[in-house]
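None of these values were measured; they are calculated from a predicted model. Scope of the values below: all heavy atoms of this structure, side chains included, with no hydrogens, waters or symmetry mates. Per chain, numbering begins at 1; letters A, B, ... match sequence-line order.
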Amino acid sequence: MAKEFISDKKEQEIAQKKEYSLFGTFLSVLMLALFLILSWFGVYYLFIQRL
Amino acid sequence: MHLHRLEKVWLLIGIGTLVMFLTIVGISAFAQGHHPPSDLTTLDPQKVDTTEPFNQPGLKKIGDNEYELVIVSQAFAFMPNDIKIPEGAKVHIIVTSKDVVHGLEIVGTNVNMMVTPGHVNSLTHTFHKPGSYLIICNEYCGTGHQMMSTKIEVTKA
């Protein structure tokens with residue numbers, strides 16, 4: 001039991017050192033950025049139209 | 001601290017956006033003089049009726065197709081309530097409140113301001129298109145808030 005616990009911990013450490021792929025997260029962040037930028041331009045367009 | 005390469009990229013995008021936003025706001029405020037629609041003038045809200053120019057609310061011609069529109073707001077009406085403006089007129093809107101916080105929005109235009117008692121707020125708008133413009137109060141001001149509105153008629157020159 002005790003040995004298994006130790007090996008689990010070692011595996012956890014190895015997994016933490018591994019670089020995760022964050023490509024999906026990055027893409028989601030970019031999609032959110034695109035949404036924000038488009039809404040800003042939308043509001044700006046509305047402002048210009050109503051001048 | 002270790003950061004993933006993509007984390008660095010989106011942190012840079014975030015910081016860049018913030019810097020861009022502050023630069024635009026800074027230039028707009030300090031170089032171009034944009035500010036909220038408060039002209040920093042104060043008055044006694046209990047003496048609105050005897051204080052210039054609110055003792056005579058209404059439209060006054062001040063130049064070539066340039067007007068000053070003085071509005072007094074109180075629960076639950078805007079004074080005056082029958083405003084006629086010629087097409088293409090540049091109108092300086094000056095407003096104050098006699099009682100509580102009101103809002104002044106001319107629907108479909110960029111005119112939208114908070115009207116606070118004791119303060120004078122102003123905005124300038126040019127009415128390019130003739131037609132009927134609705135003015136509404138957009139700050140909840142009491143039980144009759146939904147009835148607080150008036151109209152501006154922009155007539156063909």
Side-chain angles (χ1 to χ4, degrees), chain A, chain B residues 1-25 27-29 32-37 66 85 87-93 104-113 123-136 138 152 154:
Chain A
M1 277 295 270
K3 272 187 178 175
E4 268 178 34
F5 178 73
I6 289 166
S7 75
D8 271 2
K9 220 179 169 188
K10 271 188 177 168
E11 274 169 21
Q12 273 177 11
E13 278 171 9
I14 292 164
Q16 273 173 4
K17 277 176 188 166
K18 231 169 56 183
E19 189 101 304
Y20 294 104
S21 166
L22 292 180
F23 188 69
T25 321
F26 183 62
L27 218 62
S28 315
V29 170
L30 285 192
M31 268 151 56
L32 188 66
L34 193 73
F35 171 74
L36 288 176
I37 289 167
L38 284 180
S39 7
W40 288 345
F41 276 106
V43 170
Y44 186 61
Y45 173 77
L46 209 61
F47 176 77
I48 294 295
Q49 284 298 301
R50 291 171 166 199
L51 270 183
Chain B
M1 186 175 66
H2 173 71
L3 279 179
H4 192 284
R5 189 178 61 86
L6 292 176
E7 276 181 311
K8 284 180 192 160
V9 174
W10 79 61
L11 273 175
L12 271 177
I13 294 175
I15 294 166
T17 313
L18 186 66
V19 170
M20 192 176 74
F21 170 75
L22 290 175
T23 311
I24 291 172
V25 171
I27 291 174
S28 149
Q32 300 184 314
H34 292 169
H35 58 81
E66 195 170 347
I85 297 171
E87 181 188 356
K90 191 179 187 183
V91 182
H92 304 282
I93 301 159
L104 191 153
E105 178 183 352
I106 305 181
V107 180
T109 70
N110 287 331
V111 179
N112 186 356
M113 45 185 161
L123 260 183
T124 299
H125 183 69
T126 306
F127 292 89
H128 294 290
K129 286 183 202 139
S132 180
Y133 289 79
L134 180 67
I135 299 183
I136 53 162
N138 59 10
I152 291 181
V154 176

Check: Among B:L6, B:V9, B:N110, which residue forms the greatest number of heavy-atom pairs with chain A at distances under 4.5 Å?
Finding: B:N110
Checklist line | Residues forming a side-chain hydrogen bond (donor to acceptor under 3.5 Å, both in side chains) with B:N138, sequence neighbours excluded | finding: B:E105, B:N112
Item checked: Min side-chain heavy-atom separation A:L32-B:W10 under 4.5 Å -> no
Check: Once you round to the nearest 0.5 Å, how far does CH2 of A:W40 lie from CD1 of B:I24?
Finding: 8.5 Å
Notebook entry, point to check: Looking only at heavy atoms, what is the nearest atom pair of B:H125 and A:R50, with distance?
Noted result: CE1-O, 3.4 Å
Margin query: Which atoms of A:I37 are under 4.5 Å from chain B, going by heavy atoms: the side chain, the backbone, both sets, or neither?
Written below: neither
Next item on the list: State, to 0.1 Å, how close B:H4 and A:L22 come at their nearest heavy-atom pair, and which atoms those are.
Entry: CG-CD1, 3.4 Å
